Amino acid sequence: MEPSNQTCQTIVKEEVLMKGKWAQLLQTTYIDPTGKTRVWETVKRTTRKPNSKCDGVAVLAVLKKTLHYDCLIMVKQFRPPMGCYCLELPAGLIDDGETAEGAALRELQEETGYTGEVSSITPVVCLDPGLTNCTMQYVSVNINGDDSHNIKPKQQLDDGEFVEVILIPLNELRKKIDEMLQAGNIMVDARVYIYALGLTHATSKPDVLPVLKA
């Protein structure tokens, strides 16, 4: 709980320093808890729709097929800002008049060719709050691998998109990702790795506390 003598932190103004087609750099002036005026460099998307709090979606798509381990569906693509290939969840921006669920199913089909059913959706969450106001919703999708549409899925990529589909069994997710990282020439999206880490923690035995001496 903050002391009562502290000032409420607020944004005073934002000035656009540079604007491109997809992103813009702003100088954000704000008040800190002591009442001092400070500035911050902020990156924002230019594509967020009016009155919307969410920029895009990421899809946690699990392929379920008879006599096979459940697999997480991911994508591998070259990312110019990183200068290398990245392992990511299927994702994309929400179009005008589109719901998060609709955007997730559309992006999943375009990037991977798979179709499925939405099982859950998260609230709007931030991505990198020290740099940007970009937000996202995570949409969980179950995919019936025995369905005829999903036996030989065909991508529907836009011009300039070059995406490789990667399937990894959930029970080996962290192990396989670590092997890919050790092989080099790839970066793993933090969202993918933290999901793999969460699965590891959820299925491992809890740490045993040492016996404390009196």
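Since this is a predicted model, take the numbers as computed values, not measurements. Note that these values count all heavy atoms, side chains included, but never hydrogens, waters or copies made by symmetry.
In plain terms, the two heavy atoms of V59 and A104 that are nearest each other are CG2-O, 3.6 Å. Among all heavy-atom pairs drawn from Q9 and Y30, the shortest one is OE1-CE1, 4.2 Å. Among all heavy-atom pairs drawn from A91 and E107, the shortest one is O-OE1, 3.3 Å. Smallest separation of non-hydrogen atoms from P169 and Y69: CB-CB, 4.1 Å. Closest heavy-atom contact between G113 and N150: O-OD1, 4.5 Å. Closest approach of I94 and C54 over heavy atoms only: CD1-SG, 3.9 Å.
I31 has its side chain within reach of T37: a pair of non-hydrogen atoms, C-beta onward, lies under 4.5 Å apart. Counting heavy atoms from C-beta outward, Q155 and V163 have side chains that approach closer than 4.5 Å. No side-chain heavy atom of Y85 sits less than 4.5 Å from a side-chain heavy atom of R79. By the 4.5 Å heavy-atom criterion applied to side chains, I168 and M180 are counted as neighbours. Inter-residue side-chain proximity for L173 and L72 is flagged as met; some heavy-atom pair is nearer than 4.5 Å. Here the side chains of L26 and W40 are not in contact, with every heavy-atom distance at 4.5 Å or above. V39 places none of its side-chain heavy atoms less than 4.5 Å from the side chain of T28. Between V62 and K64, the closest side-chain pair of non-hydrogen atoms falls below 4.5 Å.
For the pair D95 and R106, the salt-bridge criterion is met [side-chain N within less than 4.0 Å of a carboxylate O]. Comment: R38 engages D32 in a salt bridge, judged by a side-chain N to carboxylate O separation of less than 4.0 angstrom. In this structure, E88 does not pair ionically with R191, as no charged nitrogen and carboxylate oxygen lie closer than 4.0 Å.
Remark: C71 SG to I143 CD1 distance equals 10.5 Å, nearest 0.5 Å. The distance from atom CD1 of I186 to atom CD1 of I166, rounded to the nearest 0.5 Å, is 7.0 Å. For the atom pair CG of L105 and OH of Y114, the computed distance is 15.5 Å after rounding to the nearest 0.5 Å. In this structure, NE2 on H68 lies 9.0 Å from CG on L63, to the nearest 0.5 angstrom. C86 contributes atom SG, which lies 7.0 Å from atom CE of M187 (distance to the nearest 0.5 angstrom). Note that CD of Q27 and CG of L25 are 9.0 Å apart. Values are rounded to the nearest 0.5 Å.
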>> Between K76 and M74, is the side chain to side chain contact (heavy atoms under 4.5 Å, CB included) condition met? List the steps.
In response: CA-CA 7 Å; K76 176 184 173 183; M74 290 168 289; over 6 Å; no

> What do the steps show when you test F162 against L157 for side chain to side chain contact (heavy atoms under 4.5 Å, CB included), and what is the final call?
Replying inline: CA-CA 7 Å; F162 305 93; L157 300 174; 5.9 Å; no

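In the hydrophobic cluster analysis, where Ile, Leu, Val, Met, Phe, Trp and Tyr join through side-chain heavy atoms closer than 4.5 angstrom, L108 is grouped apart from L60. Under a hydrophobic-cluster definition in which Ile, Leu, Val, Met, Phe, Trp and Tyr are linked whenever side-chain heavy atoms come within less than 4.5 Å, directly or via other members, L181 and V192 are assigned to the same cluster. L93 is not connected to I121 by any chain of hydrophobic side-chain contacts under 4.5 Å among Ile, Leu, Val, Met, Phe, Trp and Tyr, and they are in different clusters. Transitive grouping of hydrophobic side chains (ILVMFWY, heavy atoms separated by less than 4.5 Å) keeps Y195 and I73 in distinct clusters.
A donor-acceptor contact shorter than 3.5 Å is absent between the side chain of T135 and the backbone of V124. Using modelled atom types, one side-chain atom of T122 and one backbone atom of Y138 make a donor-acceptor pair closer than 3.5 Å. With T42 contributing its side chain and T132 its backbone, the two residues share no donor-acceptor pair below 3.5 Å.
Few gaps surround CD on Q156; more than 12 heavy atoms of other groups in view lie less than 6.0 Å from it.
A side-chain contact (heavy atoms from CB on, under 4.5 Å) with E111 is found for one member of L89, V75, V165 and no other, namely V75.
Residue pairs meeting the salt bridge (charged side-chain N to carboxylate O under 4.0 Å, His left out) criterion with at least one member in residues 41-57, sequence neighbours excluded: E14-K44, R48-D55.
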